[in-house]
Enquirer: 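Sharing a structure here in structure tokens format.
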Amino acid sequence: MDGRARGSYTARLMSRKTIIVPKGQRAKTRDGSPWIFSNEIRMDPAAKALAPGTVVNVRGEDGRAFGTGYFNPKSLIAVRLLASDCDAAIDADFFAQRLGRARALRQSVYDRPFYRLCHAEGDGLPGLVIDRFDDTLAVQTGTAGMERQIEAISAGLDRLLAPKTVILRNDAPSRALEGLDAYVRTLKGEGRRIAVEENGVRYLADLTEGQKTGWYYDQRDNRAFIAKLAKGKAVLDAYSYTGGFGILAAKAGAKEVVCLDSSAPALALAEESARANGVKITPVKADVFEELERLKTAAERFDIVLADPPPFVKSKKDLEPGAKAYRKLARLAAEVTAPGGMMMVASCSHNIPPERFAQECAQGLLRAGRRAALIHQAGAGPDHPVHPMLPESAYLKVLVYALD
Ligand code: SAH
């Protein structure tokens, strides 16, 4: 850092505001959590006046340092901590260092540069998600605090990885909770169609038009598990998106793979991707519930039925209807599973606890009149690390049953 930069940094620090946690306001059990709720801090006029996303110091009334974080007076999660010390510099160096640690973790697990590089709190960077596709990155900022750091993040990434292309996928609906608008923008480079290498397959993904960041790395290990069962089997990949499960199953020797989804562009990409891998899938564009009913009535059965739906429990208030939808999905999936077949049901709703989800699936099996054994319970892979104080952020739940 040259003298001028250091000078301006010091000036910034001098003006850094402090958020106070009054005595007894934050339960001891919340020690170590990177979140500080609005009812845990002194929300005085000075705090309220801070712009959403301002970097702040957080201290107890007694002077104890909670650390450096960013503040949003409009959010229930008022502060998300970035560092455990106060006055920490939040700049390109900070991001390069944190992301360097995140990359080292991935490099210890994966041979190839295709993974979720940053998983928000799990990587010490609340509100920041980055998926890496070799030299192309899809970046999502989910909070006002991270939105304000886009330049520093981009500079940090340049220092660390020098990516060719960086696409901002800032169109997640959850951004509205932080008062942010939705947009997709290319920050650097060009191109949107890329290849994803995973489990020995080269898939196609569309980073600007596709859903979320364009690819779901969270199911990588579960796709590999299903592929091991797939040889010679008829597979129904419901909610297939671009064929993550189906194409790998076909490569593993499935005798038939039907990819079922309501999105025509996703199915078109799945077909193209399958062809490029020298395998065939049958795309079916339909609503999953309707199509499962139709298959059931038509007495069409599959040896392996996969159901990886969008979140049915989008918020806590949707728990009951969402739980019911999972039960119905499990019932219908079981009803079209051939005798001796396998069925996988997944939930990516962090608002339904794992036990409740398992209970609903069990009820669905019961209602279908199928006896089953749970043979595999999993979540997302190691490129989706979870902060130990935020176990609920482990959103993905995957259950695989062997049916009689
Ligand atoms: N299994 C996929 C990811 C699924 S994402 C993978 O491994 O990559 C959820 C998918 O469900 C999306 O592709 C979306 O288009 C599809 N979808 C959402 N609602 C649907 C419905 N009612 N019927 C069929 N597909 C639906």
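For ligands, and for the atoms within them, numbers begin at 1 and follow the listed sequence.
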Enquirer: Taking N or O atoms only and a 3.5 Å limit, does Asp237 qualify as a polar contact for ligand 1?
Expert: no

Enquirer: Supply the atom-to-atom distance Leu81 CG to Ile36 CD1, rounded to the nearest 0.5 angstrom.
Expert: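 Here the interatomic distance stands at 4.5 Å.
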
Enquirer: Taking Ala88's backbone N and O only, do any of them form a donor-acceptor pair with Thr68's side chain (distance below 3.5 Å, no angle check)?
Expert: yes

Enquirer: State the atoms of ligand 1, each with its element, that fall below the 4.0 Å cut-off from a heavy-atom position in Ser240.
Expert: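 What qualifies from ligand 1 is 1 (N), 2 (C), 6 (C).
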
Enquirer: Could you grab the distance from atom CD1 of Ile41 to atom CZ of Arg59, nearest 0.5 Å is fine?
Expert: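 These two atoms lie 15.5 Å from each other.
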
Enquirer: Going by heavy atoms, is Glu290 under 4.0 Å from ligand 1?
Expert: no

Enquirer: Which atoms of ligand 1 have any heavy atom of Tyr216 under 4.0 Å away?
Expert: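 That gives atoms 3 (C), 5 (S), 8 (O) of ligand 1.
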
Enquirer: Select one of side chain, backbone, both or neither to describe which atoms of Ser262 lie under 4.0 Å from any atom of ligand 1, heavy atoms only.
Expert: both

Enquirer: Apply the salt bridge (Lys or Arg N to Asp or Glu O under 4.0 Å) test between Arg106 and each candidate in Asp111, Asp131, Asp123; give the one that qualifies.
Expert: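 When Asp111, Asp131, Asp123 are each tested with Arg106, the salt bridge (Lys or Arg N to Asp or Glu O under 4.0 Å) holds only for Asp123.
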
Enquirer: Determine, for Phe225 and Arg223, whether the Lys NZ or Arg CZ falls below 6.0 Å from the six-membered ring centre while staying within 45 degrees of the axis.
Expert: no

Enquirer: Check ligand 1 against Ala286 and write out every atom of the ligand that is under 4.0 Å from a heavy-atom position of the residue.
Expert: 23 (N), 24 (C)

Enquirer: Considering non-hydrogen atoms of the protein only, which is the closest contact for atom 4 (C) of ligand 1, and what is the distance?
Expert: Tyr239 O, 3.2 Å

Enquirer: Just jot down the ligand 1 atoms closer than 4.0 angstrom to any heavy atom of Arg223, in number order.
Expert: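 Counting atoms of ligand 1 from 1, those under 4.0 Å from Arg223 are 6 (C), 7 (O), 8 (O).
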
Enquirer: Could you tell me the residue and atom name of the protein heavy atom closest to atom 13 (O) of ligand 1, and the distance to it rounded to 0.1 Å?
Expert: Asp261 OD2, 2.7 Å

Enquirer: By number and element, which atoms of ligand 1 are closer than 4.0 Å to a non-hydrogen atom of Ser263?
Expert: 15 (O)

Enquirer: Would you call Glu61 and Lys23 a salt bridge, taking side-chain N to carboxylate O under 4.0 Å as the test?
Expert: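 Salt bridge absent between Glu61 and Lys23.
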
Enquirer: Taking 4.0 angstrom as the limit, do Lys324 and Glu320 come out as a salt bridge?
Expert: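 No.
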
Enquirer: With a 4.0 Å cut-off on N to O distance, would you call Glu40 and Arg30 a salt bridge?
Expert: yes

Enquirer: Given the ring of Trp215, does Arg132 sit roughly above its face, with NZ or CZ under 6.0 Å from the centre of the six-membered ring and within 45° of the axis?
Expert: no

Enquirer: Measuring from the heavy atoms of Pro310, does anything fall under 4.0 Å of ligand 1?
Expert: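 Under 4.0 Å: yes for Pro310.
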
Enquirer: Could Lys188 and Asp158 be called an ion pair, given the rule that one side-chain N must be under 4.0 Å from one carboxylate O?
Expert: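 Counted as a salt bridge, because a side-chain N and a carboxylate O are separated by less than 4.0 Å.
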
Enquirer: If the cut-off is 4.0 Å to any non-hydrogen atom of Asp287, which atoms of ligand 1 fall inside it?
Expert: 21 (C), 22 (N), 23 (N)

Enquirer: Less than 3.5 Å apart, any donor N or O on the side chain of Asp87 or Asn57 sitting next to an acceptor on the other?
Expert: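 The criterion, which ignores hydrogens and geometry beyond distance, is satisfied for Asn57 and Asp87.
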
Enquirer: Would you mind checking which non-hydrogen protein atom is closest to atom 1 (N) of ligand 1, with the distance to 0.1 Å?
Expert: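 For atom 1 (N) of ligand 1, the nearest protein heavy atom is Asp308 OD2, 2.7 Å.
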
Enquirer: Could you pull out, from Ile247, Val288, Thr242, the option with a heavy atom nearest to atom 23 (N) of ligand 1?
Expert: Val288

Enquirer: Between Ala238 and ligand 1, which residue portion shows a heavy-atom distance shorter than 4.0 Å: side chain, backbone, both, or neither?
Expert: neither

Enquirer: Counting from 1, what ligand 1 atoms have a heavy atom of Tyr241 closer than 4.0 Å?
Expert: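 Near Tyr241, meaning under 4.0 Å from one of its heavy atoms, ligand 1 has 2 (C), 3 (C), 4 (C), 8 (O), 13 (O).
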
Enquirer: Heavy-atom contacts with Gln211 under 4.0 Å: which atoms of ligand 1 show up? List them by number with element.
Expert: 12 (C), 13 (O), 14 (C), 15 (O)

